[in-house]
2 protein chains.
Amino acid sequence: MSVQERKQRERVERERLIVATARELAEQQGWDAVTTRRLAERIEYSQPVLYSHFRGKREIIGAVALEGAAEMAAALRAAASAADGPRTRVAALARTYLEFAARNPAVYDAMFELDGGLAFANDDTPQPLKDAFAALLESLGEVAGDGVHPGLFTEVFWAALHGLATLTRAGRLPPEDTEPRVELLVDRLAVV
Amino acid sequence: MSVQERKQRERVERERLIVATARELAEQQGWDAVTTRRLAERIEYSQPVLYSHFRGKREIIGAVALEGAAEMAAALRAAASAADGPRTRVAALARTYLEFAARNPAVYDAMFELDGGLAFANDDTPQPLKDAFAALLESLGEVAGDGVHPGLFTEVFWAALHGLATLTRAGRLPPEDTEPRVELLVDRLAVV
DNA sequence: CTCGCTTGTCTAGCGGTGCTAGGGTCGAGC
DNA sequence: GCTCGACCCTAGCACCGCTAGACAAGCGAG
């Protein structure tokens, strides 16, 4: 038994290594540089080993996305609980979201820009994704305003943040004015 | 002279054919299916011909993006001028934007999701892109509210629309509630 | 009208991609 | 100590974007 257990542990460990290495490589050189050959070389195994853990490159991206979603949810909750008052909380939430996207561009891409083969807005959406949305909902629900469905409000607010994040990072929006954009967004959307 | 002129005309015509075919193929089967080989086959020339018109695949995407930007600007202006009253106009603008993205997903991807090698928010940003932004600005500027810079307001509103467009199309947001989302966005952001 | 040359196109191929079939090795369990 | 199965690697497939070099067509000069 103990032998199989050890092998199992090693497998789990190697899978973590694959995901961590993919993330690191993507963060250093962009997802285009994450090829199965390079990834295999970095983990010091041959290519087919990757396919004994994941169905394909897409699933590796998906794994990075799930890891990122968990981290983002934690970051959002931490920011929200450190602020008091709805207005302050929502502003902190927004800033944290944009900062996460800016500091972890490859992870953000894995979550929202690339195809990680994950289900969304769906019953079999993976838990970390639902949880990240829930983290947004917790703080945003209280500023939705009367008669506005909290879920709907969260979707709209989230979409605005997502738009700001992606357009800024792609060079479509000049990055200097991020702060006034956040101020405007919070002032107008949130009902305090 | 006339011979050269004819050749020049044929070149221009062929270039249009390339862009139109790329767009059509992308719209039918997605940008992944737009390979230089398939594209060459569809226009009934060999691959290297593409490279006598464009520096590479990226530039072809860029050409589709510019075409799309011009169309989008026209659509936005048409919608805006057909509506009277700032509130109605902004709502129509938003709906038109989202509809354009939904009906021309490949073009929208070329404009905002893929790398077409175009400059943005920059002095040497191509005219069609500046003009599309200008089309938004024309209607949105009048509802920015006192003391809010119209350009900044337009950026934020645009980002929200972009977020809704991409998240919806990627399956991150259920498509049914698009209309109430637009209503909420316009009600809160626009100062009428 | 013929010839040389420019211009334009095609065939073939390079180095890369994601992914997989099949052989070989090594160690666990009898 | 031997057998057998689990595991991993080498090698290769079909495809990608892109390009070098051969080749043909058609123009302008004589």
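Hydrogens, waters and symmetry mates are skipped; everything else that's a heavy atom, side chains included, is used. Remember, predicted model here, so these are calculated numbers, not experimental data.
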Separation of [X] atom [atom1] from [N] atom [atom2], in whole Å?
X	N	atom1	atom2	value
A:His53	C:dC19	NE2	C1'	16 Å
B:Leu50	C:dC10	CG	C1'	13 Å
A:Glu41	D:dC9	CD	P	13 Å
A:Tyr45	D:dT10	OH	C1'	17 Å
A:Arg11	D:dA6	CZ	P	13 Å

Determine, using ring centers only, whether B:Phe112 and B:Trp158 are less than 6.0 Å apart.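 Yes, ring centres under 6.0 Å apart.
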With a 6.0 Å cut-off on ring centres, are B:His53 and B:Tyr45 close enough?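 Between B:His53 and B:Tyr45, the centre distance exceeds or equals 6.0 Å.
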Got a donor-acceptor contact below 3.5 angstrom from the [X] side chain to the [Y] backbone?
X	Y	answer
A:Glu27	A:Arg23	no
B:Thr166	B:Gly163	yes
B:Arg188	A:Leu189	yes

Salt-bridge test for B:Arg16 and B:Glu13: reply yes if a basic N is under 4.0 Å from a carboxylate O, no otherwise.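 The answer is yes: the pair qualifies as a salt bridge.
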Expected output is a numbered-order residue list: members of residues 15-29 of chain B with a heavy atom under 4.0 Å from any atom of DNA chain C. What is it?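 Those residues whose heavy atoms fall under 4.0 Å from DNA chain C, taken from residues 15-29 of chain B, amount to none.
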Can you check whether A:Phe120 reaches A:Leu129 side chain to side chain, under 4.5 Å on heavy atoms?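 Side-chain contact under 4.5 Å: yes.
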Can you pull out every side-chain hydrogen bond (donor to acceptor under 3.5 Å, both in side chains) where at least one residue sits in residues 110-127 of chain B? Sequence neighbours excluded, please.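 Every side-chain hydrogen bond (donor to acceptor under 3.5 Å, both in side chains) pair that includes a residue of residues 110-127 of chain B, provided the two are not neighbours, is B:Arg58-B:Asp115.
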Can you give one letter per nucleotide of nucleotides 15-22 of chain D, going 5' to 3': B for a protein heavy atom under 4.0 Å from the base, S for sugar-phosphate only, - for none? -BBBBB--
Considering just the side-chain nitrogens and oxygens of A:Arg14, establish if one lies under 4.0 Å of OP1 or OP2 belonging to D:dC8.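 Checking A:Arg14 against D:dC8: at least one side-chain N or O falls below 4.0 Å of OP1 or OP2.
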